[in-house]
Protein chains: 2
Amino acid sequence: MMMNQQTLDLRMKAFRSRCAERGLAMTHQRWVIYRIMAGTAQHPTPEETFAQVRKEIPSISLATIYKNIKTFLDAGLLREVSTPDQTMRLDANLESHHHLICASCGKILDIPEDSVVPVHLKKPLPKGFRVESYNVSFLGFCGQCGPGVQAST
Amino acid sequence: MMMNQQTLDLRMKAFRSRCAERGLAMTHQRWVIYRIMAGTAQHPTPEETFAQVRKEIPSISLATIYKNIKTFLDAGLLREVSTPDQTMRLDANLESHHHLICASCGKILDIPEDSVVPVHLKKPLPKGFRVESYNVSFLGFCGQCGPGVQAST
DNA sequence: TTAACTGCAAAGCCTTTGCAACACG
DNA sequence: CGTGTTGCAAAGGCTTTGCAGTTAA
């Protein structure tokens, strides 16, 4: 996960203009929150993001994390992932993709769209329904868990 | 949705033995909760279920609904559906199936497994991951909503 | 009869909101 | 400078828990 200063500057510039396009101020907090979310494939919860951001901005509050997550969702900079968890999980990967979910530890891995043969419907949909997109969730067990193995804490 | 007394008796018997198999007492509350959940394809929330059950058992408490939902989930009589909502949605349809989700009003419709051509992976999975099942969520707009149309309350 | 279940009320999360001080543009 | 943003604290939902009384088997 090495990243040099130049790359970071470029990303910050890109983020700054994406904010500008939407009339959002580019604050230090926003940049750190976004950089951390976009820098992980872990689909972090607000709480996990808070913990990470706090390492850089100890004074940040959880409310700011929540407010900005909402702002980013509205702006289309983040997406919410559906999981059986009772807490929100976020995804900064805006490309169309699918998910691999470990039934034991809950870990979610992304699968690129082109790893899956396009899904077809064999039968007509209920009348009037128009499909815009679809998402496949594969449920199974990751290497660390394996079926029958208890979830590690 | 007509159902005669005989059919109901049969279902109740079936439910009673399913409870017995798992060492669960067959209470009036449990039967009504289960019957109502199994009698709808609407993937009800605990609150919606509470409202329905209350019509028959006005004294029931929301805590009893929650406790029994948990009991049924553990017993495998219900499943939890993943949605972008922040509230739990339940499904008494235990057959393998897929979902059609209206992006506007949030309604979820079931699609039988055999309406979808089996999904294939073109590329290998991350090392060690074993897939047990998968679920396809189609996102779109139902007949009542249509894109661009405001969600009705 | 006895273990399990119910209903109530209180507590526990996660998330949102109101407001004064502060920062971006 | 003015609007938008932050941090704090309090409030709001949804869900869980503890307990005394009740019920199924």
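In terms of modelled atom types and a separation under 3.5 Å, the side chain of A:Y34 and the main chain of A:F15 share no donor-acceptor contact. Of the possible polar contacts, none joining the A:S17 side chain to the A:A20 backbone as a donor-acceptor pair under 3.5 Å is found. No donor-acceptor pair under 3.5 Å is formed between the side chain of B:N68 and the backbone N or O of B:T71. For B:D110 (side chain) and B:A41 (main-chain N/O), no donor-acceptor pair under 3.5 Å exists by modelled atom type.
At least one side-chain nitrogen or oxygen of A:Q29 sits closer than 4.0 Å to the OP1 or OP2 atom of D:dG7. Side-chain nitrogen and oxygen atoms of A:R16 include at least one within less than 4.0 Å of the OP1 or OP2 phosphate oxygen of C:dG25. A:T87 has a side-chain polar atom (N or O) that falls below the 4.0 Å cut-off from OP1 or OP2 of C:dT15. Contact between the side-chain N/O atoms of B:S61 and the OP1/OP2 oxygens of C:dC8 is not found at any separation under 4.0 Å. Put simply, B:T27 has a side-chain N or O that comes within less than 4.0 Å of OP1 or OP2 on C:dT6.
Taking atom CG of residue A:L62 and atom P of nucleotide D:dT5, one finds them 18 Å apart after rounding to whole Å. In this structure, the CG atom of B:D74 is 12 Å from the P atom of C:dC5, given to the nearest Å. Summarising the geometry, the separation between CG on A:L73 and C1' on C:dT16 is reported as 14 Å, rounded to the nearest angstrom. For A:E47 and C:dC13, the CD to C1' distance is 10 Å, given to the nearest whole Å. For the pair B:K67 NZ and D:dT16 C1', the interatomic distance rounds to 9 Å; values are reported in whole Å. Straight-line distance from the NZ atom of A:K70 to the C1' atom of C:dC14: 13 Å, rounded to whole Å. Following rounding to the nearest Å, A:R22 (CZ) and D:dG4 (P) show an atom-to-atom distance of 17 Å. The interatomic distance linking B:R30 (CZ) with D:dA25 (P) rounds to 10 Å, in whole Å.
Contacts of A:T45 with the nucleic acid, taken as non-hydrogen atoms under 4.0 Å apart, are absent. Contact annotation for B:A25: backbone-only contact, meaning every heavy-atom pair under 4.0 Å involves sugar-phosphate atoms and none involves a base.
Tested against B:Q52, the residues B:R54, B:E56, B:K55 include a single side-chain hydrogen bond (donor to acceptor under 3.5 Å, both in side chains) partner, B:K55.
Ion pairing between a basic and an acidic side chain is recognised when a charged N comes within 4.0 Å of a carboxylate O; B:D74 and B:R22 show no such pairing.
When the nucleotides C:dT17, C:dC14, D:dT16 are ranked by their closest atom to the side chain of A:Y66, C:dC14 comes out on top. With D:dC8, C:dG7, C:dG25 as the choices, the nucleotide that has an atom nearest any side-chain atom of A:M26 turns out to be C:dG25. Side-chain proximity of B:I57 to the nucleotides C:dG7, C:dT15, C:dA4 is greatest for C:dG7.
When the side chains of ILVMFWY residues are joined at heavy-atom separations under 4.5 Å, either directly or via intervening members, A:F50 and A:L77 end up in a single hydrophobic cluster.
The heavy-atom pair separating A:H98 from A:V136 by the smallest distance is ND1-N, 2.9 Å.
Relative to the axis of its first five pairs, the axis of the last five pairs of the helix from C:dT1-D:dA25 to C:dG25-D:dC1 sits at 50°, rounded to 10 degrees.
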